[in-house]
Amino acid sequence: MKILPLTQGYPGKSAQHGGLGWSSVTLVRHDDRLLLADTGSFGMRSLLAQRLAAHGVAPDEVTDVLLTHAHYDHAANYLLFPRATVWVGAAELEWAASREPAFDPLPELYAADLASNPRTRRVAGDGEILPGVEAFATPGHTPGSTVYRVGGSVLFSGDAAKNRAELLSGDVDMTLDRDASRASVGKILDLWREHPDTLLVPGHDVPMRWHDGRPSYTDTRKAGIRSWFGEDLAATTEFDLTEGEGNR
């Protein structure tokens with residue numbers, strides 16, 4: 001099995017402009033399959049194209065898309081992988097497809113397409129969906145949030161556990177059902193600790209392993225913003241968004 005990170009999730013929000021939508025997107029070569037765990041937001045499209053090309057992967061080579069949930073920053077780009085089977089929680093799709101347009105992160109038209117798309121496969125309950133690929137129901141953040149474990153050694157928690165702070169505190173920042181989310185975080189921790197060498201990839205943070213009784217980052221956070229405040233396009237201001245204790 002080979003893990004190929006495409007984008008690194010970021011554990012933060014914009015102070016003035018709503019959610020950042022900077023989520024984790026990861027390719028996994030597993031036996032004869034090429035899996036994509038979540039697909040990122042519209043703003044990631046050019047970056048995803050660059051990262052896929054850097055790995056020598058064409059979009060139509062992806063065999064399976066594993067959607068942790070239906071929010072735009074995780075699900076919007078599934079249409080860019082035309083030959084992939086798209087896996088999503090059955091409860092998630094039922095909820096998402098029945099929603100009226102609202103001021104929330106759900107892309108209603110994409111949810112409607114996903115519900116009728118012949119490539120969609122609905123995941124019900126816990127269990128193996130492909131050889132060596134398991135799905136686990138982790139409701140709360142959304143009604144059908146799903147965690148995937150691949151090869152018994154990498155766990156994609158999506159937004160059921162978005163970052164290290166949620167894993168350590170047992171509580172969550174954004175949820176439709178706080179009690180369900182707390183139970184799901186506990187379930188994720190149990191799955192993680194079943195195999196101490198498991199790599200956990202959260203929805204909005206750097207991948208981690210369980211080390212000395214707590215989550216430990218396996219990489220350095222990379223995030224920043226480049227801004228134009230003057231009258232010259234060549235003059236930019238860089239803002240580093242990686243400072244602080246959480247980057248260690």
Side-chain angles (χ1 to χ4, degrees), residues 1-12 19-88 105 107 109-110 113-114 117-121 130-133 148-151 153-159 162 199-208 217-228 233-234 236 238-242 247:
M1 184 170 67
K2 188 173 184 180
I3 302 169
L4 306 171
L6 298 184
T7 65
Q8 184 187 86
Y10 184 78
L20 292 174
W22 294 353
S23 62
S24 304
V25 181
T26 310
L27 270 174
V28 181
R29 291 191 182 276
H30 177 63
D31 294 336
D32 61 343
R33 310 194 79 87
L34 184 58
L35 312 169
L36 185 67
D38 281 334
T39 66
S41 66
F42 295 119
M44 291 180 175
R45 286 187 166 187
S46 60
L47 181 60
L48 288 175
Q50 295 169 21
R51 298 281 169 81
L52 287 166
H55 289 300
V57 173
D60 63 2
E61 292 180 272
V62 175
T63 60
D64 299 272
V65 169
L66 309 177
L67 292 182
T68 59
H69 62 296
H71 282 165
Y72 80 97
D73 52 332
H74 295 258
N77 293 324
Y78 73 91
L79 289 170
L80 301 180
F81 304 92
R83 295 189 177 181
T85 298
V86 182
W87 301 86
V88 63
L109 297 181
Y110 281 78
D113 176 85
L114 194 59
N117 197 308
R119 295 190 289 116
T120 300
R121 300 291 182 272
L130 292 166
V133 181
Y148 297 93
R149 182 164 62 186
V150 180
S153 61
V154 58
L155 192 64
F156 296 100
S157 68
D159 284 4
K162 295 182 284 296
L199 178 72
L200 185 142
V201 182
H204 292 271
D205 209 343
V206 180
M208 292 169 268
Y217 288 134
T218 62
D219 198 1
T220 301
R221 182 174 293 113
K222 306 173 186 71
I225 294 176
R226 180 180 297 118
S227 302
W228 292 267
L233 280 176
T236 61
E238 300 273 349
F239 296 90
D240 184 354
L241 301 180
T242 66
N247 196 39

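- To the nearest 0.5 Å, atoms CZ (Arg221) and OG1 (Thr242) are separated by 8.0 Å.
- Taking both residues in full, the closest heavy atoms of Gly224 and Trp22 are given as O-CH2, 4.2 Å, listed atom of the first, atom of the second, then distance.
- In this structure, Phe156 and Thr68 approach most closely via the heavy-atom pair O-CG2, 4.4 Å.
- For the atom pair CG of Asp38 and OH of Tyr148, the computed distance is 8.0 Å after rounding to the nearest 0.5 Å.
- Looking only at atom types and distance, the side chain of Asp159 has a donor-acceptor partner in the side chain of His74 under 3.5 Å away.
- No donor-acceptor pair under 3.5 Å is formed between the side chain of Asp205 and the backbone N or O of Tyr10.
- Thr218 places a side-chain N or O within 3.5 Å of a backbone atom of Pro207 that can act as its donor or acceptor partner.
- Val133 has its side chain out of reach of Val28: every pair of non-hydrogen atoms, C-beta onward, lies at least 4.5 Å apart.
- With rounding to the nearest 0.5 Å, the separation of CG in Leu109 from CG in Leu114 is 12.5 Å.
- One distance of note links CD of Glu61 with CZ of Arg29; it measures 6.5 Å at 0.5 Å rounding.
- Shortest non-hydrogen contact noted between Ala84 and Val65 is CB-CG2, 3.9 Å.
- With hydrogens and angles disregarded, no donor-acceptor distance shorter than 3.5 Å links the side chain of His204 to the backbone of Gly12.
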Using atom types as modelled, flag every donor-acceptor pair under 3.5 Å from a side chain in residues 1-8 to any protein atom, sequence neighbours excluded.
from, atom 1, to, atom 2, distance (Å)
Thr7, OG1, Ser23, O, 2.9
Thr7, OG1, Val25, N, 3.1
Gln8, OE1, Lys222, N, 2.8
Gln8, NE2, Thr220, O, 3.2

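- The local environment of CZ in Arg45 is crowded, with over 12 non-hydrogen atoms from other residues, nucleotides or ligands closer than 6.0 Å.
- Residues meeting the side-chain contact (heavy atoms from CB on, under 4.5 Å) test with Thr85, sequence neighbours left out: Asp64, Trp87, Arg121.
- Put simply, the side chain of Arg119 never gets that close to the backbone of Val86: no donor and acceptor are under 3.5 Å apart.
- In terms of modelled atom types and a separation under 3.5 Å, the side chain of His30 and the main chain of Pro131 share a donor-acceptor contact.
- Heavy atoms only, all atoms of each residue included: Trp228 and Leu233 are closest at NE1-O, 3.0 Å.
- Closest non-hydrogen pair, Ser157 versus Pro202, comes out as OG-CA, 3.2 Å.
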After noting the C-alpha distance and the side-chain angles of Leu79 and Asn117, does the key distance pass the side chain to side chain contact (heavy atoms under 4.5 Å, CB included) rule?
CA-CA 10 Å; Leu79 289 170; Asn117 197 308; 4.2 Å; yes
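- In terms of the side-chain contact (heavy atoms from CB on, under 4.5 Å) criterion, residue partners of Ser24 (sequence neighbours excluded) are, by chain and number, Val201.
- Atom CZ of residue Phe81 and atom CG of residue Leu52 lie 5.5 Å apart, to the nearest 0.5 angstrom.
- Smallest separation of non-hydrogen atoms from Asp219 and Val206: O-CG1, 3.5 Å.
- In this structure, Leu80 CG and Thr39 OG1 are separated by 7.5 Å, a value rounded to the nearest 0.5 Å.
- Between the side chains of Asp113 and Tyr78, a donor-acceptor pair is found at a separation under 3.5 Å.
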